[in-house]
Amino acid sequence: MRDRYETFALRGETSFWQRPIPVAAIVLLAIAIHGPLLVMQLPATTSYDANLHIFFASHYAQHWFNPWNEKWFTGFSQTTYPPLTHQWIALLSYIVGLTEAFMLVQLAAVVLLAVGAYRFAQLWVDDRAASYAGVLAVFAGSIAFLVYSAGQLPTTMSAPLYFLALPYFYSWCLSASWRSLLKGVALTLAAASAHHVTLIFGSVLFALPVLWLAWYDGTKRDGREHNASERAADKGQYGGPIIARGLVFAAISAVGVGVVLLPYWIAIVRHPIEQMPIPHASRSNFLMNWTYGMNYFIVPYGALILALPFIVIKGASNPRLRILLLAFWATFLIALGGTTPVPRWIFGRAFEILTYERFTLWATVLALPIVGLLVEQVVDRFPRGGAIGVSVAAIASLALAFGWLSWTPFQTFSSLKVDSVVAFLNRDGHDQYRYLTLGFGNALSKVSTYANANSVDGEYNSARLLPEMTRYGAAQLTNAKFFGVAGMDSLRAMLQHGNHYGLKFIFVHDPFYEPLLVFGGWRQVESYDSGSITVWSKDDAPPARLIPSDARPAPWEGWMWGILPIGSSILAILFLWLLAEPRRVQADITVPREMPERVFRTVGTSADAHTSEVRS
C-alpha cells in the first residue's frame, strides 16, 4: 500500500514537461502542420507520383468494376496495383473532385501514421516516450519526403494501417482476445489492399519482432526476474500458446490477403515481371554521389541521424529493445540501397525491381520508440531547454525536407500546364488515335487523367507488356533521353511501329526530340504556350484499334476488385468502432515500460511494478 500511495503522489507532482502528450493533441498537430500544405495541393505540383495515383483513381471513378484501363500501353490491368487508396479517392471525388480527394486521403494517411507510430511505440516504451514518438512522426523527414517529393500515397497509407494492426496482434497473442484478432486481421487486410509491398516486408520487419515481444512479455509472469528453472517453466507454459496464436493470426491474414487480392495474384502469375531492369536512383551507392545521398539519406532522416548512437547503445543495452534494434538495423541497411551489398544479398535479382525509399520510412518508425526514450531523458534533465532543443531539431528536419523540394536537381514536371493538350485530344475526333508525349515527365498522368484519347506510353512500369518497352532498360518514353541508349532505342522502336498502334499525335516539350521526329516523317501542326509545347502528326496513321491481350481480367475479377479491398477498410472501421476492448483485458496485457531512474528512486520499486500500479 505504501508503494501505491507514493506512486499516486508522484503522479500528482509530475510537471508539465513530464506528462504524456494526448493522442488528440498529436492528431491536431498533424492536421495543423500538414493540413494547410495539402489544402494548397503541394504534392500535385512537387511530387513524382501524385498525378499517377490521381490517374488510377480517375479510372475507378468512371469504371469501378472494370479494372482494364485502355489509356496506357494500349491497355493494362489495374489489378496489378492494390486499389484501396485509389478507390477512396474515387469515392471522395464525387464530392470534392479528384485532386482535392487525393489531398484528403493523403492527410488521413499522415494522421494515421502519427497515431500508428504512437500505438506501435506503446508496445516497447512507456506512454510518455510513445507520445514523443507520435509527435516526432509528424515532423519526420521521411514522411515529408514520401508525401511531398515522391508522392507515394499507397506506401504512406499502408504503413500506418499495418502499425495500427500490430498492437492488436500483440494483444491477441497474449490474451487470446477475439476482438483483437478481428481488428488486427481487418487492419492487416486493409494495409495489404493499400500496398502489397508493405505487407510482404512488414511480416518480417514488423510482425516478427512484435511476436517475439509478446513471447518475451508472456514469459515474464509478474514482471520479476526468475531463476533458470522458473524461466524454462514460463517458456513452456506461456510461450507455446503465444507462438501458436501468432501462427493462427498469420494463417488467417494470409488466407484473407489471398482472397482480397486474388486478382492481383492472378495478374502476377499470368505475367510475372520479366522486363529489363529499369535504373532507379535509390539503388545507387549514396557515398559515391552526394546528390543521391542527400535525397535518400540526409533529407529523409534529418536530425534522426544525430540519434543513431543512442539508438544503438540504448537498444543493445536493454533486453526488451534488442529485437526492435535488430529490426531497425536491418531495415536501415536495406534503405541504403546499393551503398552496402546487404540488399543485393537478401533480394538477389529482385534487388533490381524494388525501390528503397519506403524502407527509410519504415526504419524511421522502428527507431521512434527508442528516440522517444532519448527525448524523455533530455526533457527530464533539461525540462524547458531540452523541450526547445528537441522541437528545433524536429522542425529543422521538416524544414530541410521542404527546402530540398526547391534545391534538389531532381525536378518534376507536375506543374506543367497541359490544358491545351487535353483540349486538342478531346476535339475533332482526335481521340480515335493514340498519342505520345515527349519531355512531359510525370505531367503525362495529368494529360491521361482528363484526355479521352489513349497513349502508348505510361508511368506505371510494372504494367508494361509492349515489347517496344519491355525489351529495353528504360522507363517512360516521355523521358527517353534520360535513360541513354536504352531509352532512345525504345523510343525509335515505338515510332517505327507507330502505325500498328494507331499513333498519330506526339506532343513535344523538349526540342531535343524534334530532329528524330523530322527524320521519321512527322510534321509539326500546332504549338501552345508560346511554342513551349508543339504538336506533331503523321498523315498516314490509321485509327487506333483494339490490341488483344490475355492480361485483361475476367468480369468476376472486376467484381472482386471493386468490392473486397474497399470492403476490408470499411470492415476495419466498423470493428474499431463497435468492438471496444474491455478494460480488464487491457490491464491483463499491460507490459512493463521503461521509466526514468529518478522515478525508481522515488517510488522504491522496480520499473515493472511501478508501471503496473500506475496503469491499474
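Along the sequence shown, residues are numbered consecutively beginning with 1.
Put simply, the side chain of Tyr118 reaches to within 4.5 Å of the side chain of Ser131, judged on heavy atoms. A 4.5 Å side-chain heavy-atom check between Pro43 and Phe102 finds at least one atom pair inside the cut-off. Residues Met157 and Gln152 fail the side-chain proximity criterion, which asks for heavy atoms closer than 4.5 Å. A 4.5 Å side-chain heavy-atom check between Phe163 and Arg119 finds every atom pair outside the cut-off. Leu146 is listed as a side-chain neighbour of Thr155, based on a closest heavy-atom distance under 4.5 Å.
Across Ile353 and Arg349, no two heavy atoms sit closer than the pair CD1-NH1, 3.5 Å. Here the shortest heavy-atom pairing between Pro154 and Thr85 reads CG-OG1, 3.7 Å. Nearest heavy-atom pair, Gly116 versus Leu164, reported as atom, atom and distance to 0.1 Å: CA-CD2, 3.7 Å. Of all heavy-atom pairs between Ile242 and Gly218, the closest is CD1-CA, 3.7 Å. Pairing each heavy atom of Ala117 with each of Leu368, the nearest pair is CB-CD1, 4.2 Å. Closest non-hydrogen pair, Gly386 versus Val378, comes out as CA-CG1, 3.7 Å.
For the pair Asp127 and Arg19, the salt-bridge criterion is not met [side-chain N within less than 4.0 Å of a carboxylate O].
Under the 3.5 Å distance criterion, the side-chain polar atoms of Ser193 are matched with a main-chain donor or acceptor of Leu189. Here the side chain of His34 pairs a donor or acceptor atom with the backbone of Val138 at under 3.5 angstrom. Within the 3.5 Å criterion, the main-chain N or O of Trp124 finds a donor-acceptor partner in the side chain of Arg320.
One finds the CZ atom of Phe575 at 9.5 Å from the CG atom of Leu181 (value rounded to the nearest 0.5 Å). For the atom pair CG (Leu187) and CZ (Phe169), the distance works out to 13.5 Å, reported to the nearest 0.5 Å.
The ring of Tyr168 has its center no closer than 6.0 angstrom to the ring center of Trp172. Under the 6.0 Å cut-off for aromatic ring centres, Phe120 and Tyr162 do not qualify, their centroids lying 6.0 Å or more apart. For Phe206 and Trp362, the ring centers are positioned less than 6.0 Å apart.
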Checklist entry - Between Tyr170 and Phe249, is a ring pair (Phe, Tyr, Trp, His ring centres under 6.0 Å) present by the stated rule, with each step listed? => result CA-CA 10 Å; Tyr170 174 89; Phe249 188 101; over 10 Å; no
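Classification of the Phe201-Phe347 ring pair by plane angle, with boundaries at 30° and 60°, yields perpendicular. Relative orientation of the Trp215 and Trp212 rings is tilted, given thresholds of 30° and 60° on the angle between their planes.
Applying the side chain to side chain donor-acceptor pair (under 3.5 Å) test to Thr339 and every residue at least two apart in sequence or in another chain returns nothing.
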Name each donor-acceptor pair under 3.5 Å that joins a side chain in residues 292-300 to protein atoms two or more places apart or in another chain, with its distance.
from, atom 1, to, atom 2, distance (Å)
Asn295, OD1, Trp404, NE1, 2.7

